[in-house]
Structure formats: C-alpha cells, structure tokens
2 protein chains.
Amino acid sequence: MKLSTKGRYGLTAMFDLAINYGRGPIPLKSIADRQNISEHYLEQLIMILRKAGLVKSVRGAQGGYMLAKKPSEITVGDVLRALEGPIGLVDCVLEQDPVECDKAENCIMRLVWEKIRDSIIQAVDSITLQDMCDEAEKRKASQESYMYYI
Amino acid sequence: MKLSTKGRYGLTAMFDLAINYGRGPIPLKSIADRQNISEHYLEQLIMILRKAGLVKSVRGAQGGYMLAKKPSEITVGDVLRALEGPIGLVDCVLEQDPVECDKAENCIMRLVWEKIRDSIIQAVDSITLQDMCDEAEKRKASQESYMYYI
DNA sequence: CAGAAAACCAACTAAAACGATAGGAATTAA
DNA sequence: TTAATTCCTATCGTTTTAGTTGGTTTTCTG
C-alpha cells in the first residue's frame, strides 16, 4: 500500500514549482539538485505532469518548467492521479475505468474498498499546493534556520 | 497505490471465516474453492494471519481455521496491517517504525502524507468483520438469489 | 491400525514493476 | 555559434509479486 517514487518525487517537484511560482521558468536541473533526485528520472515524471496539463515548459536556454495553473488550483490529488493513476486500492473500485468484476453488485468487499478509496480522495483533494506554500511560510516566519522544501 | 493480492485475498478469507464463525474449523481448501484462490498461496497468507493472532488453526483431519476473536473484534485495519505492514503511503510516516528522514521536522511533504495516512487509518479501523457480515445479512434478506462473499 | 484429510513448512520461479541510466535530437536565449 | 535546456526512446539491474512444487506432521475416522 505504498506510493511509488513517482508520486513522491512528483509532488516534491510540484511543491518546488509552487514555491517558485511567478519567477519564470525553473530549470529541471535546479529542482533535481535542490530535491536530490536524479534529473533524468525527474524528467520522465515532469513529462507526465506536462501531458496532464499541470505543468508547462519553456524550451531552450533559460527555459524550464512552471505550474500551468495557480498553486491554489492544483491539489495533491491532481498530482497523484497524474502520476499514479486513478485512486483506489483495488482495481474494481478505481475512480476511472474500474475493472469489471463478475460477482458485481452484491460484493461486500467492494463496499470496504470504496470506503477506503473515498477517504483517500477526500484527503488528497482537500490539500492544494497553495496550502503547502502557506504552511511553509508559516514555519519560515516562526523559525530562524529554515529549509523550504523536502 | 494499490493493495497487493495479499491484502485482497486475505481480507476475503477473513470475511469467509467471519461468515462461518461458530461453525467449527473451516478447511482452507473450502475457502480457496469458494473464493477461487490458489490454496497453496492462501496458505501462506493465512499463516501470516495466524502468527498475527487473528486466526487459529486445528490440525489433522476435520481440522481447519477459525477466527481467533469475534468478528466484531477484528477490523479491516487489523487484517490489512498484518498482511501489508504498517499503514502509510510513504515510509517516513508509517504507523510503526517510520523511516527516519534527515530533513525531519520542517518537512511540508510529511504533513501531506500524514493527513492521507490518518484518513486511511480512520477508514480501515472503523469497519469490523461483523459490519461486513451484517451488511451481507441485510442484502440476503432483501434479495432472492444471493451470493454470500466474493 | 491404515488411510485420508488437513495443517505446516521451505524452497524455487516466472513475470511484472520499479527506479533508474544512457545517449542523443531539437529548441532557443545570449 | 554555443551553451543551456527540453524532449524522446531505449535499455537495464533489482526487487516484489504471485504464485508453484514437493514435501512433513498431525489427527480424525472406519
């Protein structure tokens, strides 16, 4: 029941972009360095995020990536869905294209998986990148030595 | 972010045992047949559940397995924890023995993972095997042709 | 007492997923 | 023109998953 590094690294990168929102395109290398992630691997992840419309890119020198929307308009759920696929611990209750199960309507197990899925959805959709930035600001204010993102 | 078959098959088997609670030891073969799971594979899973104290066994002919506690005293969370390990989508926020993270206290990501973890915990700990049996009974009452468990 | 039913146990394995790495082509600012 | 940067495709070693194989031991029943 673990997230892969896709989800972890991807959200980390998105948070980095959110912190740097409004400062023009951010080169991937700088994100990779700050967050200590392989640049080449991160590249694959950000490509997915770009295709999902969460990030836009500027090619060439001085290029980089930036959020495609305001941090307040991107939720943790948006990012995780893009990278990890539709939410749901079990295929038969995925948000999108659930795998049909012959036993179908009267499945008690299904109720359980749905309840868990819904509680995850509720959590991930209730947190925006802006919320995370706000929290970072709050901590920055209350502490001398501070590390932005991790 | 998927459950492995351990969690799925394991909960299915536990539900089967809950439905048959009070009827003496249930041979694994009958569970495997009803639920259409490889008997040998299920054997490995039920061993884990036994070691976790959720199931007890009776050896020899006419032997089998039964719940070690009343269905009302076993939650979905108990079963999933035994089979899938401590709950948490990310190692640094596992319920048990979270992996230390150097960046530590000021990690904003951590807040996110904790919130998701807690919502999953809330969901899985709020459902008991008895709840599932009750739901099965309710459906049985309201329908002619009924399939117990799946 | 023999035989069958069942739990118990250890080792192996094919396939998939994971977490990258390698190497280059295309684009663009300076 | 050159350096910075995105974009793209392929490959690869390791780990995990989802079993399978082949037994041993225990215990009920006839």
Side-chain angles (χ1 to χ4, degrees), chain A residues 1-13 16-17 20 23-68 80 83-85 89-91 99, chain B residues 1-13 16-17 20 23-68 80 83-85 89-91 99:
Chain A
M1 208 203 310
K2 291 280 164 33
L3 226 54
S4 70
T5 54
K6 279 188 190 175
R8 285 200 287 124
Y9 292 173
L11 186 59
T12 300
D16 193 304
L17 288 178
N20 289 295
R23 297 186 196 166
I26 309 294
L28 201 60
K29 175 148 180 36
S30 75
I31 303 178
D33 287 349
R34 271 194 295 276
Q35 309 302 341
N36 203 38
I37 302 172
S38 146
E39 185 188 348
H40 248 46
Y41 186 46
L42 193 53
E43 192 179 290
Q44 292 171 43
L45 307 186
I46 206 129
M47 238 19 117
I48 297 171
L49 292 166
R50 186 173 62 82
K51 280 165 189 162
L54 296 174
V55 148
K56 54 187 179 184
S57 63
V58 176
R59 298 190 68 169
Q62 264 56 272
Y65 295 91
M66 51 188 118
L67 296 185
L80 294 185
L83 292 164
E84 303 270 343
L89 291 187
V90 165
D91 282 340
V99 172
Chain B
M1 209 202 317
K2 290 279 163 35
L3 226 54
S4 70
T5 54
K6 278 189 190 174
R8 284 200 289 125
Y9 292 174
L11 186 60
T12 301
D16 192 302
L17 288 177
N20 289 295
R23 296 185 196 167
I26 309 294
L28 200 61
K29 174 146 180 38
S30 75
I31 302 178
D33 287 350
R34 271 194 295 277
Q35 309 302 343
N36 203 38
I37 302 172
S38 148
E39 186 188 349
H40 252 45
Y41 185 47
L42 193 52
E43 194 179 289
Q44 294 172 42
L45 307 186
I46 206 132
M47 242 13 119
I48 297 171
L49 293 167
R50 186 172 62 80
K51 280 165 189 163
L54 296 173
V55 149
K56 55 188 180 183
S57 63
V58 176
R59 299 190 66 167
Q62 265 54 274
Y65 294 90
M66 51 187 116
L67 296 184
L80 294 187
L83 293 165
E84 304 269 343
L89 291 187
V90 165
D91 282 341
V99 173

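So you know, we letter chains A, B, ... as the sequences are listed, proteins then strands, and number each from 1. What's counted below: heavy atoms across the whole structure, side chains too, no hydrogens, waters or symmetry copies.
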Produce the list of close N/O pairs, under 3.5 Å, pairing protein atoms with atoms of nucleotides 28-30 of chain D; give distances to one decimal.
residue	atom	partner	partner atom	Å
D/dC28	O4'	B/Ala61	O	3.4

- prompt: Just how far, in rounded Å, is P of C/dA7 from CG of B/Leu45?
  reply: 14 Å
message: Rounding to an integer number of Å, can you tell me how far B/Lys56 NZ sits from C/dA7 P?
response: 15 Å
Distance below 4.0 Å between [X] side-chain N/O and [N] OP1 or OP2:
| X | N | value |
| --- | --- | --- |
| B/Ser38 | D/dT20 | yes |
| A/Thr5 | C/dG19 | yes |
| B/Tyr9 | D/dT17 | no |

Any residue meeting salt bridge (Lys or Arg N to Asp or Glu O under 4.0 Å) with B/Lys56, in chain and number order, not counting sequence neighbours: none
- prompt: the helix from C/dC1-D/dG30 to C/dA30-D/dT1: angle between its terminal axes, five pairs each, to 10°?
  reply: 10°
query: Partners of B/Asp33 by side chain to side chain contact (heavy atoms under 4.5 Å, CB included), sequence neighbours excluded?
result: B/Lys29
field: With sequence neighbours excluded, residues passing side chain to side chain contact (heavy atoms under 4.5 Å, CB included) with A/Ala52
entry: A/Leu54, A/Ala82
field: Nearest listed nucleotide, side chain of B/Ser57, among D/dA18, C/dT21, C/dA7
entry: C/dA7
Return the polar atom pairs (N/O with N/O) between nucleotides 9-15 of chain D and the protein under 3.5 Å, or none.
none

